[in-house]
Amino acid sequence: MKHLLTSTIGALVLATGVAAQDIAIVTPYLAQPGAQALIEGFETRAAEKGWEVNTIDTAGDVAAVISRMEDAVTQNVDAIVIHIDPLQVTPGLQAAADAGIPVIGLGAGNDPLLVTNVTTNGYAMAAETAVYVADRIGGSGNIVMFVFDPFPPVQIRGVVADAIFGNHPDINVIDRVTPDVQDGGIADSRAKMEAILAANPEPGSIAAVWAAWDQPALGALQAIEAAGREGEGIVITGIDANPQARDAIAAGGNFEASIAQDFQAIGFKTADVLEETLNGNAPGVPSIYVPTQFVTKANAAN
Amino acid sequence: MSDRLRQSATLLGFALIILFFAVRLPDTFLTARNLLNISQQLSMLMVVAATMTIVMVMNDFDLSVGSMASLAGIVAAVLFVADWPIWAALSAALLVGLLGGVFNGILVAVIGILPFVATLGTLTVFSGLALYISEGTTIFGRDIPAEFSGFARGGIPLEALGLERLKIPALSLVAFAVIAVTWVLLEHTSFGRKLYAVGGNREAAHLAGIRVVRVRLIAFALTGLGAAGAGLMFAARVASANPTQGAGLMLDAIAAVFLGMTMTKRGEPRVLYTLVGVLMLGIIDNGLTQLRVDSFIREILVGLIVIAAVVVAHVSKRRGK
């Protein structure tokens, strides 16, 4: 009976349209775990608020994001949420602005046409892991970097790490690898690391592996273990602290640290900020940063 | 009779799709704004699919168009960064497309490698070149001239027709121009007739005095040029150049030509039917987005519709024999 009552009230609220906001989320990256977690966080909080959310994935196609944003404008949604670099979708942002529809960034980037962007500070995350590596190896030794410059949020991590390693005269970056990510990033990173290990056979000739995200760090770990070189003290760090990485860090091997973005919290925060915006209280700042957590063996299991 | 069924089944399906969306989305689907939007959204695919039709007329195809589109965008952007004038950077990018197409043509027509293998190889080469030239990064922001990205936002205003704040998008105009030129080339020139002759029977075409190698070479060059043009349109639309951004164009272009082939008399590619194929793909995408169908389900549906059209065409063709 109680259930029936709740459903009836819910249906009435939806039917009258009092609380139901119509929100479109558009991204080309839904296949990636990070994007999924961000969007699930948003959807969870949006469901609590009774919003109608339409999540649209364009399977990697950036121009299609613009197209789908235009479609959402045609549909006259109440707001659009994007998870993509806003600089690549200016016509879509402009279409929304012309129609007076607010657009908010969910782990996106900065743009004057966005209400705001809720995210973590990618520069800061890369700085934390790179400084950890530099300190752990005493500011001296050969480092292998795994980067991915075609994807702007990952590219900025590499830039920061370059600066930090470049600031240590005794640190030598022997390779800056861009792995093929079509297989998810682990397998190709492992193959690349195996080749680098083969080219540097002397124990101690590689002091650390800094990876711009977890998959290459896991691939490098597999390569080091398969080569029987796990005892050399090669330090590995990743970024994102995905479950597989946490397991590896908790095991206490070479993979020592990663950094966790609380994707769900970013999603929650985005929905809350959007609600405020729809109530006429836009945050008035270009970015809202959600805190991150440095993950080592001590807290990896949490 | 069966030929007519085959020809009309896809068109009928297309009409039903439009009717379905028009009924379900009475306020937003068949509006001038939405239709103009669709034409702009599909403009890059129209160009790639139209020029893909040129090689598919000869039963060849080109898998490298997507990576050529990415490469052309990157070439132009890198030259913008090097302070080249816009016209020079765009010309250089189109030249790269033409030369890439000629290279495909040499591999296929002169050396005799299967198009699948040759263009699969050049797909990787072009994609690698785009990554190498750009150092893997996306070129955007102030590096892309405002006049270039502004072109994609421009168009012919329709205020005179009483349509406030609406315009025929510049990208749509480019796409229609490319389709018109391709149509004239394929349907109204001796070069076009030679292409269809080569497609009908290569050996017979050769015996009839058609210089098959030259015809195929030119056809691949034009497809490369079209891909590069689409890549530049893409870069203007997203105001940036990414070394992988054109990758999605290739399969959609081939799917559009196949859809078009289900509507022609003998199952041969015709550019106006390719256009219908492109519109089908785009309208399904637009309508299903507006109906809030899950994007993954949307992909499945698009694939199934392509398969259904081809199956109906295939079965009715067999019955007709």
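Quick note: numbers below take in every heavy atom, side chains included, and nothing from hydrogens, waters or symmetry partners. Lettering of chains follows the sequences in order, A, B, ..., and the numbering in each one begins at 1.
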Greatest number of heavy atom pairs closer than 4.5 Å to chain A - which of [options]:
options                        : result
Asp285(B), Ile38(B), Val293(B) : Asp285(B)
Glu135(B), Met44(B), Gln290(B) : Gln290(B)
Leu25(B), Thr138(B), Thr289(B) : Thr289(B)

Under 3.5 Å: donor-acceptor pair, side chain of Thr116(A), backbone of Val285(A)
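Checking the backbone N and O of Val285(A) against the side chain of Thr116(A), a donor-acceptor pair under 3.5 Å is found.
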With distance as the sole criterion, is a donor-acceptor pair present between the side chains of Thr244(B) and Asn242(B) under 3.5 Å?
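Side chains of Thr244(B) and Asn242(B): pair found under 3.5 Å.
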How about Asn34(B) and Asn286(B): does a side-chain donor come under 3.5 Å of a side-chain acceptor?
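Yes, a side-chain donor-acceptor pair sits under 3.5 Å.
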What part of [X] gets within 4.5 angstrom of chain A, counting heavy atoms only: side chain, backbone, both, or neither?
X         : answer
Arg153(B) : side chain
Asp27(B)  : neither
Thr28(B)  : both
Leu131(B) : side chain
Gln40(B)  : side chain

With a 4.5 angstrom heavy-atom cut-off, which part of [X] approaches chain B: side chain, backbone, both or neither?
X         : result
Thr178(A) : neither
Asp61(A)  : side chain
Asp111(A) : neither

Neighbour count >12 (heavy atoms, 6.0 Å) for atom CZ, Phe80(B)
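Above 12, so yes.
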Could you tell me whether Arg33(B) atom CZ has more than 12 heavy atoms of other residues or ligands within 6.0 Å of it?
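Open.
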What orientation do Tyr29(A) and His83(A) show, parallel under 30°, tilted 30 to 60°, or perpendicular over 60°?
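If you compare the ring of Tyr29(A) with that of His83(A), the planes turn out perpendicular.
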Over 60° means perpendicular and under 30° means parallel, so tell me whether Phe165(A) and Trp210(A) are parallel, tilted or perpendicular.
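Answer is perpendicular, since the angle exceeds 60°.
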Look at Asp85(A), Val65(A), Ile66(A) and state which one has the largest set of heavy-atom pairs under 4.5 Å with chain B.
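Most pairs with chain B among the choices: Ile66(A).
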Would you say Leu158(B) and Leu161(B) make side-chain contact, with heavy atoms under 4.5 Å?
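Yes, close enough: below the 4.5 Å cut-off.
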